[in-house]
Amino acid sequence: QVQLVESGGGLVQPGGSLRPSCAASGSRFTLVTMAWYRPAPGKQRELVASITSGGRTNYVESVKSRVTISRDNAKNTEDLQMNSLKPEDTAVYYCYAIGVYGSLRTYWGQGAQVTVSS
């Protein structure tokens with residue numbers, strides 16, 4: 001099965017930037033959508049940003065003006081460029097992907113810690 005591995009988290013001061021990345025590996029697979037999630041009140045996780053194989057993106061309103069998601073379809077990687085980070089952005093960010101193997105399958109990474117603090 002597909003494995004998703006995040007990297008690039010860390011500690012930054014408010015206003016700083018981070019660029020977590022996610023790499024997918026495993027046997028032959030095709031990913032339709034890749035995304036980033038984080039814990040949110042009232043639910044296990046909320047969508048932060050997503051991107052389809054065609055490049056369509058979606059963002060949660062709280063980060064829309066500060067975050068850009070991108071992917072490399074050939075490498076099966078995605079990046080989350082996070083700018084102007086705020087303390088409330090502190091969370092574990094989870095890579096998520098939807099693949100097609102005759103039917104839809106979903107995958108989760110282990111998470112990357114992002115801490116925004118002085």
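Heads up: numbering here begins at 1 and tracks the sequence.
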**Residue pairs passing the salt bridge (charged side-chain N to carboxylate O under 4.0 Å, His left out) test where at least one lies in residues 12-27, sequence neighbours excluded** = Arg19-Asp79
**Message:** Taking side chain to side chain donor-acceptor pair (under 3.5 Å) as the definition, give me every residue that meets it alongside Asn58, ordered by chain and number, with sequence neighbours left out.
**Reply:** none
**Prompt:** Looking only at heavy atoms, what is the nearest atom pair of Tyr59 and Val67, with distance?
**Reply:** CE2-O, 3.3 Å
**Prompt:** So Asn83 and Ser17, side chain to side chain donor-acceptor pair (under 3.5 Å) or not? Walk me through it.
**Reply:** CA-CA 4 Å; Asn83 302 316; Ser17 298; 2.9 Å; yes
**Request:** Check whether any side-chain N or O of Tyr96 sits under 3.5 Å from a backbone N or O of Ser50 as a donor-acceptor pair, and report yes or no.
**Result:** no
**Request:** Measure the spacing between OG of Ser84 and NZ of Lys86 and express it to the nearest 0.5 Å.
**Result:** 8.0 Å
**Prompt:** Do the side chains of Trp108 and Ile98 join up, straight or via other hydrophobic residues, at under 4.5 Å, putting them in one cluster?
**Reply:** yes
**side chain to side chain contact (heavy atoms under 4.5 Å, CB included) against Ser65, all qualifying residues, sequence neighbours excluded** = none
**Item:** Contact list for residues 14-111, test disulfide bond (SG atoms under 2.5 Å apart), sequence neighbours left out
**Value:** Cys22-Cys95
**Item:** Where Leu18 and Gly8 come nearest, the two heavy atoms and their spacing
**Value:** CD2-O, 4.0 Å
**Message:** Test question: given the 4.5 Å side-chain rule for I, L, V, M, F, W and Y, name all other residues clustered with Leu11, or answer none.
**Reply:** none
**Request:** Calculate, to the nearest 0.5 Å, the distance between atoms CD1 and CZ belonging to Ile51 and Arg56 respectively.
**Result:** 11.0 Å
**Item:** Co-membership, hydrophobic cluster, residues Tyr94 and Val60, 4.5 Å side-chain
**Value:** no
Scan the side chains in residues 109-118 for donor-acceptor partners under 3.5 Å anywhere in the protein, sequence neighbours excluded, and list what turns up.
| unit_1 | atom_1 | unit_2 | atom_2 | d |
| --- | --- | --- | --- | --- |
| Gln113 | NE2 | Ala91 | O | 3.4 |
| Gln113 | NE2 | Thr115 | OG1 | 3.3 |

**Contact list for residues 109-118, test salt bridge (charged side-chain N to carboxylate O under 4.0 Å, His left out), sequence neighbours left out** = none
**Prompt:** If you measure from CG on Asn76 to CD on Glu78, what distance do you get to the nearest 0.5 Å?
**Reply:** 10.5 Å
**Message:** Which residues pass the side chain to side chain donor-acceptor pair (under 3.5 Å) test with Thr52, not counting sequence neighbours?
**Reply:** none
**Item:** Residues forming a side chain to side chain donor-acceptor pair (under 3.5 Å) with Ser21, sequence neighbours excluded
**Value:** Ser7
**Asked** What distance do Thr106 atom OG1 and Leu104 atom CG have between them, rounded to the nearest 0.5 Å?
**Response** 9.0 Å
**Message:** Starting from Val92, can I reach Leu85 by hopping between I/L/V/M/F/W/Y residues whose side chains sit under 4.5 Å apart?
**Reply:** no
**Asked** Is the closest side-chain donor-acceptor distance between Asp72 and Thr77 under 3.5 Å?
**Response** no
Name every donor-acceptor pair, under 3.5 Å, that has one atom in a side chain of residues 30-48 and the other anywhere in the protein, sequence neighbours excluded.
| unit_1 | atom_1 | unit_2 | atom_2 | d |
| --- | --- | --- | --- | --- |
| Arg38 | NE | Glu46 | OE2 | 3.0 |
| Arg38 | NH1 | Asp89 | OD1 | 3.4 |
| Arg38 | NH1 | Tyr93 | OH | 2.8 |
| Arg38 | NH2 | Glu46 | OE2 | 3.3 |
| Arg38 | NH2 | Ser62 | OG | 3.1 |

